[in-house]
Amino acid sequence: MTEESFTSKNFIEEIIDEHNRTGRFGGKVKTRFPPEPNGYLHIGHCKALVIDFGIAEKYGGTTNLRYDDTNPVKEDTEYVDAIKEDIHWLGFDYANELYASDYFEALYEMAVKLIKKGKAYVDELTAEEMREYRGTLTEGGKNSPWRERSIEENLELFERMRRGEFADGTKTLRAKIDMASPNINMRDPVMYRVMHATHHRTGDKWCIYPMYDFAHGQSDSIEGITHSMCSLEYENHRPLYDWFLDELEIFHPQQIEFSRLNMTHTVMSKRKLRLLVEQGYVDSWIDPRMPTLAAMRRAGYPPKAIRAFIEAVGVAKNESFVDVELLEHFVRDQLNQTAPRRMAILRPIKLVIDNYPADQTEEFWVSDFPQNPECTTGRMVPFSRELYIEQDDFMENPVPKYFRLSPEREVRLMNAYFVTAVSMDKDAEGKILAVHCTYDPDTRGGNAADGRKVKGTIHWVSAPHAINAEVHLYDYLFKDEHPEDLPEGELFTDHVNKNSLEVLVGCKLEPALAEAKPGQPWQFVRNGYFNADSFNSKPGELVFIRTLSLVDSWAKQQAQK
RNA sequence: AGGGGCAUGGUGCAACGGCAGCACAGCGGACUUUGAAUCCGUUGAUCCUGGUUCGAAUCCAAGUGCCCCUGCCA
């Protein structure tokens with residue numbers, strides 16, 4: 001069975017197949033990924049990444065990384081670097097690192113060409129006037145009084161714009177198309193505006209900057225891009241994309257629009273993400289609660305899982321809202337295969353084995369992947385009379401179906417011994433300070449010599465050998481599935497989950513975890529997947545981030561009651 | 001209201017005139033030294049109305065709903 005025979009093609013591939021049948025691009029496929037360096041890449045961009053790089057790879061072509069940097073006041077090299085890092089992390093290789101600003105001179109010449117053809121003119125309408133002249137959705141606009149200047153005058157004025165003779169906002173270069181068009185984008189769109197601003201790459205060389213519409217298609221054309229994929233909101237811009245290319249009579253790529261990725265329990269617009277950062281709802285763009293790729297990397301999401309998720313979501317033109325649980329499924333699926341198991345106690349309570357010699361210590365070899373009998377790697381785990389277990393793993397008055405430790409009940413300490421709880425130490429308020437138990441020496445390793453079974457198996461850490469750590473547990477930033485669906489007058493920031501970060505101090509970890517490095521995934525058994533925090537951990541002062549909890553059907557069942 | 005786009009289980013995606021399928025979620029069970037994983041089973045959908053056709057999710061017509069567009073943002 002070949003993989004190909006069972007995977008259907010998405011609509012973009014069907015378009016390309018058609019191009020290949022008709023020979024439109026001579027069988028070539030070349031794509032580009034065009035981020036604006038004004039923020040961090042998020043999971044939504046990853047969809048574009050997978051489409052742009054995936055399509056090119058599938059058809060034997062290449063992909064350029066091209067920063068869409070035509071607006072100097074919004075863009076910064078900080079973002080240029082962050083974007084590059086994210087792309088590499090995901091495992092994509094671009095053919096060239098390019099910038100729309102590389103083409104400023106060529107774009108200028110193209111504008112001159114359109115002026116000479118009588119297809120562009122210098123306008124002096126103010127921003128407000130231009131809005132009035134543009135008309136409305138239902139009524140056409142009217143021509144600017146400057147629309148019929150001579151070609152010579154336009155040429156001279158445009159050159160003087162470039163030389164810096166005019167103040168910001170006083171002049172624009174506009175395409176002369178059709179002020180009555182039902183498509184507002186065709187009502188003499190602005191091609192160039194005056195902006196005396198320093199650009200992150202060209203510095204102060206320019207004081208006029210091209211608009212997106214005038215830059216994107218021609219940049220595609222210059223690079224020989226065949227298929228220019230973008231999100232649905234650019235559909236209305238395609239006639240303009242085509243118009244510039246046709247009037248300029250240059251190589252004409254095909255723009256294809258797909259629906260962007262939306263996900264439950266988060267927001268995806270850069271504006272909103274920036275707001276969360278600036279107003280302090282999160283620490284930064286890489287706060288693990290953010291849907292940015294850098295945040296996911298920090299939280300321990302494997303790039304393979306993210307790509308598998310995007311593949312599973314598919315490509316179409318439907319406005320879609322993907323459940324964040326689908327992403328989590330792929331993350332767990334990947335981590336389950338790659339994260340070595342370790343024991344860690346997040347909310348410790350002391351467990352004292354009364355009949356275990358006080359001065360005795362022993363060690364158990366434990367596999368990194370106990371569910372895989374072929375696994376040969378592992379570590380030694382020390383065991384002694386005083387241990388820590390999870391508070392949740394002991395219940396003085398157990399509820400029905402609870403089969404962890406409770407008075408007079410026997411459970412297995414994972415990989416070690418069977419123990420039976422016998423008593424508790426309590427303070428004046430009745431709070432349990434420690435649990436006492438006895439162990440059965442004939443159950444060493446976790447199996448009883450007489451073959452008897454226990455219902456529960458709990459994890460533990462030897463108290464004198466434990467290392468301390470801080471653990472950060474994150475929850476969704478928004479409890480609402482659709483935080484952007486708001487009642488009139490409410491802000492999405494009003495709905496930020498105030499309890500989305502829980503900091504646990506004094507967690508007790510098995511000693512092997514002292515070696516943990518950021519970026520290494522671990523499964524803390526029965527707790528979830530964790531990763532040393534690349535930002536807060538210092539040698540000897542580890543901080544772990546919970547990437548994701550394990551699926552917990554017990555907790556779910558309890559919550560339903 | 002004008003223009004553009006989209007409608008298939010709870011969610012996302014297939015089926016391209018011929019048995020509506022896959023993934024996630026859900027539900028039930030088996031197994032278990034992780035209440036995880038794994039395994040087995042299972043509920044559930046073609047926006048509406050009419051037409052063409054032996055046969056329509058698919059083609060045609062009329063409707064309905066949702067999204068995008070009035071930046072010198074991208």
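All values below were derived from every heavy atom in this structure, side-chain atoms included, with hydrogens, water molecules and symmetry-related copies excluded. None of these values were measured; they are calculated from a predicted model.
A/His459 has its NE2 atom 9 Å from the C1' atom of B/rU34, to the nearest Å. We find that CZ of A/Arg162 is positioned 19 Å from C1' of B/rC72, with the value rounded to whole Å. Rounded to an integer number of Å, the gap from A/Asn185 CG to B/rG2 C1' is 14 Å.
Rounded to a whole angstrom, the distance from the P atom of B/rA57 to that of B/rC19 is 10 Å. For the P atoms, the distance from B/rU8 to B/rC59 is 15 Å, rounded to whole Å. Taking atom C1' on both nucleotides, B/rG63 is separated from B/rC27 by 38 Å, rounded to a whole Å. One C1' atom belongs to B/rC24, the other to B/rA14, and the distance between them is 15 Å to the nearest Å. Rounded to whole Å, the separation between the P atoms of B/rC31 and B/rG18 comes to 45 Å. Comparing the P positions of B/rU58 and B/rU52 gives an interatomic distance of 15 Å, to the nearest angstrom. Taking atom P in both B/rU53 and B/rC47, one finds a spacing of 23 Å when rounded to whole Å. With P as the reference atom, B/rG50 and B/rG55 are 16 Å apart, rounded to whole Å.
For a distance-only test at 3.5 Å, the side chain of A/Glu319 fails to qualify as a donor-acceptor partner of the base of B/rC68. For A/Arg187 against B/rU70, no side-chain N or O and base N or O form a donor-acceptor pair under 3.5 Å. Checked by distance alone, A/Gln523 brings a side-chain donor or acceptor within 3.5 Å of a matching partner on the base of B/rU34. Contact of A/Arg526 with B/rG35 (side chain to base): no donor-acceptor pair of N or O atoms is detected under 3.5 Å.
Here B/rC73 is the nucleotide among B/rC73, B/rC24, B/rU34 with the atom lying nearest to any side-chain atom of A/Lys74. Taking only side-chain atoms of A/Gln371, from C-beta outward, the nucleotide of B/rA36, B/rA74, B/rU70 with the closest atom is B/rA36. Out of B/rG35, B/rC6, B/rG4, the shortest distance to the side chain of A/Asn236 is found at B/rG4. Proximity note for A/Leu326 (side chain, C-beta onward) versus B/rG12, B/rC24, B/rA36: the nearest is B/rC24. Set against B/rC72, B/rA23, B/rG4, the side chain of A/Val190 has B/rC72 as its closest nucleotide. Closest to the A/Leu550 side chain, of the nucleotides B/rA36, B/rA15, B/rC27, is B/rA36. The side chain of A/Lys317 has B/rC6 as its nearest neighbour among B/rC6, B/rA74, B/rC69. The listed nucleotides are B/rA36, B/rA74, B/rG35; the one nearest the side chain of A/Val551 is B/rA36. Comparing B/rU8, B/rG2, B/rG5 against the side chain of A/Pro182 picks out B/rG2 as the nearest. Taking every side-chain heavy atom of A/Arg134 into account, B/rU70 is the closest of B/rU70, B/rA74, B/rU34.
Contact check, A/Gln557 against B/rC27: no side-chain N or O comes under 4.0 Å of OP1 or OP2. Remark: A/Ser553 is in phosphate contact with B/rA36, judged by side-chain N or O atoms under 4.0 Å from OP1 or OP2. Look at A/Asn336 and you won't find any side-chain N or O under 4.0 angstrom from OP1 or OP2 of B/rA37. Look at A/Arg174 and you won't find any side-chain N or O under 4.0 angstrom from OP1 or OP2 of B/rC72.
Contacts of A/Lys556 with the nucleic acid, taken as non-hydrogen atoms under 4.0 Å apart, involve only primed sugar atoms and P, OP1 or OP2. In this structure, A/Tyr402 reaches the bases: a heavy-atom distance under 4.0 Å links it to at least one base atom across the strands shown. At a threshold of 4.0 angstrom between heavy atoms, the contacts of A/Met211 are confined to the sugar-phosphate backbone, with no base atom among them. Residue contacts for A/Arg332: at a heavy-atom cut-off of 4.0 Å it reaches no nucleic acid atom on any strand shown. Within the 4.0 angstrom heavy-atom criterion, base atoms lie near A/Leu125. A/Asp123 comes within 4.0 angstrom of no nucleic acid atom, judged by non-hydrogen atoms across all strands. Among the protein residues, A/Val454 comes within range of no part of the nucleic acid, since none of its heavy atoms lies under 4.0 Å from any strand. Within 4.0 Å of A/Leu137, counting heavy atoms only, lies at least one base atom of the nucleic acid. Within the 4.0 angstrom heavy-atom criterion, only backbone atoms of the sugar-phosphate kind lie near A/Asp552; the bases stay farther away. Among the protein residues, A/Phe321 comes within range of the sugar-phosphate backbone only, with heavy atoms under 4.0 Å from sugar or phosphate atoms but none that close to a base. The residue A/Glu14 sits close to a base: some heavy atom pair falls under 4.0 Å. Base engagement by A/Ala127 is indicated by at least one non-hydrogen atom pair under 4.0 Å involving a base atom. At a threshold of 4.0 angstrom between heavy atoms, the contacts of A/Glu484 with the nucleic acid are absent. Within 4.0 Å of A/Ser320, counting heavy atoms only, lie sugar-phosphate atoms of the nucleic acid but no base atom.
Side-chain contact between A/Leu405 and A/Asp393 is absent, with no heavy atoms from C-beta onward closer than 4.5 Å. Considering only heavy atoms from C-beta on, A/Thr443 comes within 4.5 Å of A/Arg452 through its side chain.
For the pair A/Arg201 and A/Tyr99, the cation-pi test (distance below 6.0 Å, angle within 45°) is passed. Annotation: cation-pi pair A/Lys272/A/Phe492 present, NZ/CZ under 6.0 Å from the ring centroid and within 45° of its normal.
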List the steps, then state whether salt bridge (charged side-chain N to carboxylate O under 4.0 Å, His left out) holds for A/Asp368 with A/Arg342. CA-CA 7 Å; A/Asp368 284 339; A/Arg342 292 292 182 266; 2.8 Å; yes
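Ring geometry for A/Phe104 against A/Trp206 counts as perpendicular: the plane angle is over 60°, on a 0 to 90° scale with 30° as the lower cut.
The aromatic ring centroids of A/Trp460 and A/Phe383 lie less than 6.0 Å from each other.
Glycosidic conformation, B/rG71: syn, with the torsion inside 90° of 0.
Judged by distance alone, the side chain of A/Arg187 and the main-chain N or O of A/Ser181 form a donor-acceptor pair under 3.5 Å.
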